[in-house]
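Have a look at the structure below before the remarks.
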Amino acid sequence: MDVIAILLDWFPFLFGGLIETLGLVLASLGVGLIFGLPMALGQIYGSRLIKSVISVYVWFFRGLPVLVLLFLFFLGIFPSLNMGNAPPFVVAVVVLGLRGAAYQSQIFRGAIQSISEGQMTAARSLGMTRFQAIRHIILPQAMRIALPGWSNEYPTVLTDTAICYAIGVQELLTRTTYIVAQTYITMPIYLAAAGIYILLNYAGMKVLTVLEKKTSIPGFGQGAL
């Protein structure tokens, strides 16, 4: 049996899984960023109530396995909100995104807290509101500091997407398993899938490394803050 020919025949189908996986990763990172940054600010500058609510949120999403969260949202929360017909892809993005927000909030919180409090004091003494100081002084520095840590979320989310096969998302692993079931060829098919995951990981990290270098400032964040 010509394994190469079989792989080429199934390549368009597998490529569709690659696109689905990339979509999951990018959308989940985006959701995590949108929710994670405000939560980091809330944990530092928010009231005691806000800090407590965010702490419970972080504890919840970091304390449960991804698979449990997927089933909880897919079989429980979405149907209870009359959204039981939501596509598995959407459910997966929500779950991975909200879980990512819990982790990203801690990355951003550490970066923000690494900025000297004196900078906030100086900004306020110049007449800035707290919001203006955060927006114009704190965040531009903190986001650069956070970028290396935030980049590590990419391989984590990428590998987590494989678990989404459990709710029927047509990502890379789901399609790989389908091909194995159709061809009865196991190892070469899974090796091909593993190669694609490695390639996605390598390419994504290279892009993020370039982004880190482009946004870094010599001497920035090395104890001078």
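All values reported here derive from a predicted model rather than from experimental measurement. Side-chain atoms are counted along with the backbone in the values below, which use heavy atoms only and exclude waters and symmetry mates.
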Quick check: does any side chain N or O of Gln132 sit under 3.5 Å from a backbone N or O of Thr129, one acting as donor and the other as acceptor?
yes
For the pair Gln104 (side chain) and Leu33 (backbone), establish whether a donor and an acceptor sit closer than 3.5 Å, ignoring hydrogens and angles.
yes
Through direct or indirect side-chain contacts below 4.5 angstrom among Ile, Leu, Val, Met, Phe, Trp and Tyr, which residues connect to Ile198?
none
Which residue in the set Val68, Leu67, Leu69 passes side chain to side chain contact (heavy atoms under 4.5 Å, CB included) when paired with Phe71?
Leu67
Same cluster or not: Ile196 versus Ile19, using hydrophobic residues (I, L, V, M, F, W, Y) connected whenever any side-chain heavy atoms lie under 4.5 Å apart?
yes
So, is the end of the Arg175 side chain (NZ or CZ) under 6.0 Å from the ring centre of Phe13 and within 45° of the ring's axis?
yes
Count the heavy atoms belonging to other residues, nucleotides or ligands that lie under 6.0 Å from OH of Tyr165, then report whether that count exceeds 12.
no
Thr21 side chain to Glu171 backbone, donor-acceptor under 3.5 Å:
no
Backbone of Ile115 reached by a side-chain donor or acceptor of Gln119 within 3.5 Å:
no
Check the pair Tyr57, Phe61 against ring-ring contact (aromatic ring centres under 6.0 Å, His included), reporting the backbone distance first and the verdict last.
CA-CA 6 Å; Tyr57 175 95; Phe61 278 96; 4.6 Å; yes
Backbone N/O of Val25 and side chain of Ser28: donor-acceptor pair under 3.5 Å
no
With a cutoff of under 4.5 Å between side-chain heavy atoms, which Ile, Leu, Val, Met, Phe, Trp and Tyr residues group with Tyr103?
none
Plane angle bin for Tyr178 and Trp10 - parallel if under 30°, tilted between 30 and 60°, otherwise perpendicular
perpendicular
